[in-house]
Chemist: 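Starting off with a structure, shown below.
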Amino acid sequence: MTETDPTDTPFSDFLGIELLLEEQDRELLSNVRAFMTREVEPVINDYWTRAEFPHDLLPGLAGLGIAGLTYDGPGCPARGALVNGLVAMEMSRIDSSIGTFMGVHGGLAMGSIMLCGSDEQRERWLPAMARMELIGAFGLTEPDTGSAISQGMGTTARRDGDGWVLNGQKKWIGNATFADLIIIWARDEDDGEVKGFVVPGDAEGLTATKQEDKIALRVVQNAEIDLVDVRVAESDRLQEADSFADTARVLRVTRMDVAWQAAGCGRGAFEHALRYTKQRQQFGRSIASFQMVQDLLVKMLSNITASTAMNARASQLQDAGSLREEHASLCKAHSTVRMRETVGWAREVLGGNGILLEHHVGRFVADAEAIYSYEGTREINTLIVGRAITGESAFV
């Protein structure tokens with residue numbers, strides 16, 4: 001078997017995209033795959049049912065060395081966007097909640113400090129975050145403002161002597177119930193511009209309340225955050241974040257993470273469905289031999305292969321410093337739509353068993369609904385791409 005033989009990869013990597021990686025990066029991906037298969041998959045349905053986070057898995061996750069994988073900052077792995085994307089897909093292939101947790105911590109929180117912090121701030125926080133000794137969260141979305149957050153941010157920051165005072169609310173903030181650091185984005189009362197602040201999770205005046213009764217990503221601990229006269233030192237304000245355009249720099253990078261997570265979610269559902277069809281007997285034969293079942297399986301494989309290939313090319317552009325906002329938006333919109341189709345077909349293949357957690361597919365179906373919406377809805381990402389190809393903005 002040669003190094004370029006696509007059969008030398010997991011069966012759902014039909015075109016051998018993983019073979020684009022160097023040997024050491026493939027070894028890292030293999031380590032992630034082994035950890036997720038051995039440690040996460042056997043227990044994740046129980047945590048999903050209870051809507052609890054498996055904190056006992058954190059040392060193992062930390063040992064993989066994948067926090068902040070893309071970034072070339074103090075203590076960070078600096079392995080590049082393509083490696084990071086394939087790792088994100090690998091994690092979501094087993095469980096989208098764990099993939100989302102790492103995306104929030106290693107992508108959004110560490111990315112905010114990497115891209116918008118000063119040299120001193122990167123030195124101060126990134127090494128401990130890369131070792132996962134400090135866990136991060138990212139506070140942007142608000143109770144009444146999601147897609148329009150760039151124009152309608154209600155959380156405020158007021159300069160007060162040598163520091164700042166924050167007031168407002170945030171919602172859907174992953175990791176926030178147990179995070180050590182929360183990146184809070186707030187509008188400066190003086191100049192009206194959005195600025196970023198690194199706020200301790202236990203800061204006086206900050207209350208994080210877990211959101212209950214979610215039907216998707218139940219393992220992720222989303223919170224509503226109330227900020228009442230929270231004092232933050234000037235040294236904890238992200239020094240290179242002076243407007244929402246700087247926030248958007250972070251989102252452009254992490255939007256690719258979500259595109260990869262979507263491909264992983266679809267891939268996981270497909271793999272479980274394929275295994276099921278080989279085991280399930282009807283009319284005296286496995287349902288894998290039925291024409292209509294094979295048609296659905298090929299549709300699923302086509303979706304995840306197309307998404308993976310598109311995301312891989314965009315990640316190569318990111319590594320080359322050429323990724324544009326519309327590239328990431330196209331990948332996110334395409335991958336999440338195809339993911340939604342794929343998990344639906346996987347559930348269809350399983351029939352009634354598709355809604356039972358014991359077969360895993362039902363968890364992917366539910367989790368896909370969250371991935372479909374966060375980090376920019378399909379509609380918003382479509383408008384970003386539409387503006388790029390027409391030169392006309394359709395935003396209102």
Chemist: Within a reach of under 6.0 Å around CZ of R50, are more than 12 heavy atoms found that belong to other residues, nucleotides or ligands?
Modeler: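 Enclosed.
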Chemist: Whether the side chain of S307 engages the backbone of I304 through a donor-acceptor N/O pair (distance < 3.5 Å, no angle test) should be reported.
Modeler: no
Chemist: Which value, rounded to the nearest 0.5 Å, describes the distance between D25 atom CG and L86 atom CG?
Modeler: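 If I round to the nearest 0.5 Å, the distance is 9.5 Å.
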Chemist: Quick check for you: to the nearest 0.5 Å, what is the distance between D13 atom CG and T308 atom OG1?
Modeler: 7.0 Å
Chemist: Should the pair R231-D160 be classified as a salt bridge under the 4.0 Å nitrogen-to-oxygen rule?
Modeler: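 Yes, charged N to carboxylate O under 4.0 Å.
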Chemist: Evaluate H359 against R275 for side-chain contact (heavy atoms from CB on, under 4.5 Å), listing each step before the verdict.
Modeler: CA-CA 10 Å; H359 297 289; R275 293 189 191 99; over 6 Å; no
Chemist: Do F101 and L58 come within less than 4.5 Å of each other through their side chains, counting heavy atoms only?
Modeler: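 F101 vs L58: side chains touch.
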Chemist: For atom CG of D72, is the number of surrounding heavy atoms from other residues, nucleotides or ligands below 6.0 Å larger than 12?
Modeler: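 Not buried by this count: 12 neighbours or fewer within 6.0 Å.
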Chemist: Kindly compute the distance separating CE (M256) from OG (S329), expressed to the nearest 0.5 Å.
Modeler: 10.5 Å
Chemist: Taking atom CH2 of W260 and atom CZ of R267, what is their separation to the nearest 0.5 Å?
Modeler: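 Output value for this atom pair is 9.0 Å.
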Chemist: Find out whether V230 and V232 are in side-chain contact, i.e. whether some heavy atom of one side chain is under 4.5 Å from a heavy atom of the other.
Modeler: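 Yes; the side chains approach each other to less than 4.5 Å.
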Chemist: Is there a path of hydrophobic side-chain contacts, each under 4.5 Å between heavy atoms, that joins M310 and V385?
Modeler: yes
Chemist: With a 4.0 Å cut-off on N to O distance, would you call R33 and E18 a salt bridge?
Modeler: yes
Chemist: Could you tell me whether the side chain of L330 reaches within less than 4.5 Å of the side chain of N381, counting heavy atoms only?
Modeler: no
Chemist: Do you know which two heavy atoms are closest between G139 and I182, and how far apart they sit?
Modeler: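 Closest approach of G139 to I182, heavy atoms only: N-CG2, 4.3 Å.
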Chemist: Check this for me: does any side-chain nitrogen of one of R218 and D367 sit under 4.0 Å from a carboxylate oxygen of the other?
Modeler: no
Chemist: Indicate yes or no for a side-chain donor-acceptor contact from T377 to the backbone of I380 under 3.5 Å, with no hydrogens or angles considered.
Modeler: yes
Chemist: Going by atom types only, do Y374 and T100 share a side-chain donor-acceptor pair under 3.5 Å?
Modeler: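 Distance-only check passes for Y374 and T100.
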Chemist: Do NZ/NE/NH1/NH2 and the carboxylate oxygens of E375 and K332 come within less than 4.0 Å?
Modeler: no
Chemist: Which pair of non-hydrogen atoms, one from V343 and one from V361, has the smallest distance, and what is that distance?
Modeler: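 Taking every non-hydrogen atom into account, O-CG1, 4.4 Å.
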Chemist: Side-chain heavy atoms nearer than 4.5 Å, only ILVMFWY residues, links allowed to pass through others: does that put I135 and L57 together?
Modeler: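 Yes, because I135 and L57 connect within a single hydrophobic cluster, where side-chain heavy atoms sit under 4.5 Å apart.
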Chemist: What do the steps show when you test F138 against H105 for ring pair (Phe, Tyr, Trp, His ring centres under 6.0 Å), and what is the final call?
Modeler: CA-CA 8 Å; F138 180 87; H105 169 69; over 10 Å; no
Chemist: Distance from W125 atom CH2 to L134 atom CG, nearest 0.5 Å?
Modeler: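 Result: 10.0 Å between the selected atoms.
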Chemist: Determine whether M153 and K170 satisfy the following criterion, side-chain contact (heavy atoms from CB on, under 4.5 Å), listing intermediate values before the conclusion.
Modeler: CA-CA 10 Å; M153 185 175 294; K170 298 294 181 180; 4.1 Å; yes
Chemist: Under the salt bridge (Lys or Arg N to Asp or Glu O under 4.0 Å) test against D188, which residue among R237, K195, R159 passes?
Modeler: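 With D188 as partner, salt bridge (Lys or Arg N to Asp or Glu O under 4.0 Å) holds for just one option, K195.
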Chemist: Checking K210 against N222: is there a side-chain donor and acceptor pair closer than 3.5 Å?
Modeler: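 Short answer, no.
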Chemist: Can you tell me how far OG1 of T155 sits from CH2 of W185, rounded to the nearest 0.5 angstrom?
Modeler: 13.0 Å
Chemist: Does the side chain of R285 come within less than 4.5 Å of R280's, by heavy atoms?
Modeler: no
Chemist: Is any side-chain heavy atom of V253 less than 4.5 Å from a side-chain heavy atom of Q318?
Modeler: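 When only atoms from C-beta onward are counted, Q318 and V253 do touch, with a gap below 4.5 Å.
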Chemist: Ring-plane angle category for F283 and F290, please: parallel below 30°, perpendicular beyond 60°, tilted otherwise.
Modeler: tilted
Chemist: Does the side chain of N45 come under 3.5 Å of the side chain of R363 through a donor N or O and an acceptor N or O?
Modeler: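 Per modelled atom types, N45 and R363 side chains form a pair under 3.5 Å.
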Chemist: Tell me whether R26 is salt-bridged to E22, with the criterion being a basic N under 4.0 Å from an acidic carboxylate O.
Modeler: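 Salt bridge flag = no for E22 with R26.
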Chemist: Taking CD in E27 as the centre, count heavy atoms belonging to other residues, nucleotides or ligands within less than 6.0 Å. Is the count above 12?
Modeler: no
Chemist: Just by modelled atom types, is the A288 backbone N or O under 3.5 Å from a matching donor or acceptor in the Q294 side chain?
Modeler: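 Looks like yes, one N/O pair under 3.5 Å.
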Chemist: Hey, does I184 have a side-chain heavy atom less than 4.5 Å from the side chain of L166?
Modeler: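 A side-chain contact exists here, since the closest heavy-atom pair is under 4.5 Å.
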Chemist: Any side-chain heavy atom of K278 within less than 4.5 Å of one from S286?
Modeler: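 With C-beta onward as the side chain, the pair stays apart.
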Chemist: Does R338 reach the main-chain N or O of A306 with its side chain, forming a donor-acceptor pair under 3.5 Å?
Modeler: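 Checking the backbone N and O of A306 against the side chain of R338, no donor-acceptor pair under 3.5 Å is found.
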Chemist: Between E234 and W164, does any side-chain donor sit less than 3.5 Å from a side-chain acceptor?
Modeler: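 Note: E234 and W164 side chains meet the donor-acceptor criterion.
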Chemist: Going through the checks in order, is the side-chain contact (heavy atoms from CB on, under 4.5 Å) test met by I98 and D95?
Modeler: CA-CA 6 Å; I98 299 299; D95 180 60; 3.3 Å; yes
Chemist: Tell me whether K171 is salt-bridged to E142, with the criterion being a basic N under 4.0 Å from an acidic carboxylate O.
Modeler: no
Chemist: Between I173 and V194, is there a shared hydrophobic cluster once you connect ILVMFWY residues whose side-chain heavy atoms come closer than 4.5 Å?
Modeler: no
Chemist: Taking side-chain contact (heavy atoms from CB on, under 4.5 Å) as the criterion, tell me which of E90, R79, M91 meets it with I66.
Modeler: M91
Chemist: Can L69 be reached from L20 by stepping across I, L, V, M, F, W or Y side chains whose heavy atoms are under 4.5 Å apart?
Modeler: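 Yes: a chain of side-chain contacts under 4.5 Å links L20 to L69.
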Chemist: Taking atom types as modelled and ignoring hydrogens, do the side chains of D226 and T207 form a donor-acceptor contact shorter than 3.5 angstrom?
Modeler: no
Chemist: Can you tell me which residue pairs pass the salt bridge (Lys or Arg N to Asp or Glu O under 4.0 Å) test with a partner in residues 382-392, sequence neighbours excluded?
Modeler: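 Listed once each, the pairs are E325-R387.
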Chemist: Which pair of non-hydrogen atoms, one from A223 and one from A208, has the smallest distance, and what is that distance?
Modeler: CB-CB, 4.1 Å
Chemist: Evaluate whether atom CG of D162 has more than 12 neighbouring non-hydrogen atoms of other residues, nucleotides or ligands under 6.0 angstrom away.
Modeler: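 Atom CG in D162 is not crowded, with 12 or fewer foreign heavy atoms closer than 6.0 Å.
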Chemist: Which heavy atom in W172 sits nearest to a heavy atom in Q211, and how many Å separate them?
Modeler: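 Looking at all heavy atoms of both residues, the closest pair is N-OE1, 2.8 Å.
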Chemist: Show the numbers, then the answer: is there a ring pair (Phe, Tyr, Trp, His ring centres under 6.0 Å) between F53 and Y47?
Modeler: CA-CA 6 Å; F53 185 84; Y47 282 100; 8.1 Å; no
Chemist: How close do A263 and M89 get, counting heavy atoms only, and between which atoms?
Modeler: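 Closest pair (atom of A263, atom of M89, distance): CB-SD, 3.8 Å.
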Chemist: Step through the shown structure and confirm whether more than 12 heavy atoms of other residues, nucleotides or ligands are within 6.0 Å of CD on E204.
Modeler: no
Chemist: Is any side-chain heavy atom of I44 closer than 4.5 Å to a side-chain heavy atom of S97?
Modeler: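 No - every pair of side-chain heavy atoms lies 4.5 Å or more apart.
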Chemist: Give a yes or no on whether a salt bridge exists between E271 and R93, defined as a side-chain N under 4.0 angstrom from a carboxylate O.
Modeler: yes
Chemist: Of all the heavy-atom pairs spanning P54 and V219, show the shortest one and how long it is.
Modeler: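 Result for this residue pair: CD-CG1, 3.5 Å.
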Chemist: When hydrophobic residues are tied together by side-chain contacts of less than 4.5 Å, even through go-betweens, does Y276 share a cluster with L297?
Modeler: yes
Chemist: I'd like to know whether L274 forms a side-chain contact (heavy atoms from CB on, under 4.5 Å) with F270, so could you lay out the CA-CA distance, the side-chain angles of the two residues, the decisive distance to 0.1 Å, and finally the verdict.
Modeler: CA-CA 6 Å; L274 179 57; F270 163 74; 4.0 Å; yes
Chemist: For T156 and R187, does a side-chain donor sit closer than 3.5 Å to a side-chain acceptor?
Modeler: no
Chemist: Would N311 and S335 count as having a side-chain donor-acceptor pair, cut-off 3.5 Å?
Modeler: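 A pair is found: one side chain offers a donor N or O, the other an acceptor, under 3.5 Å apart.
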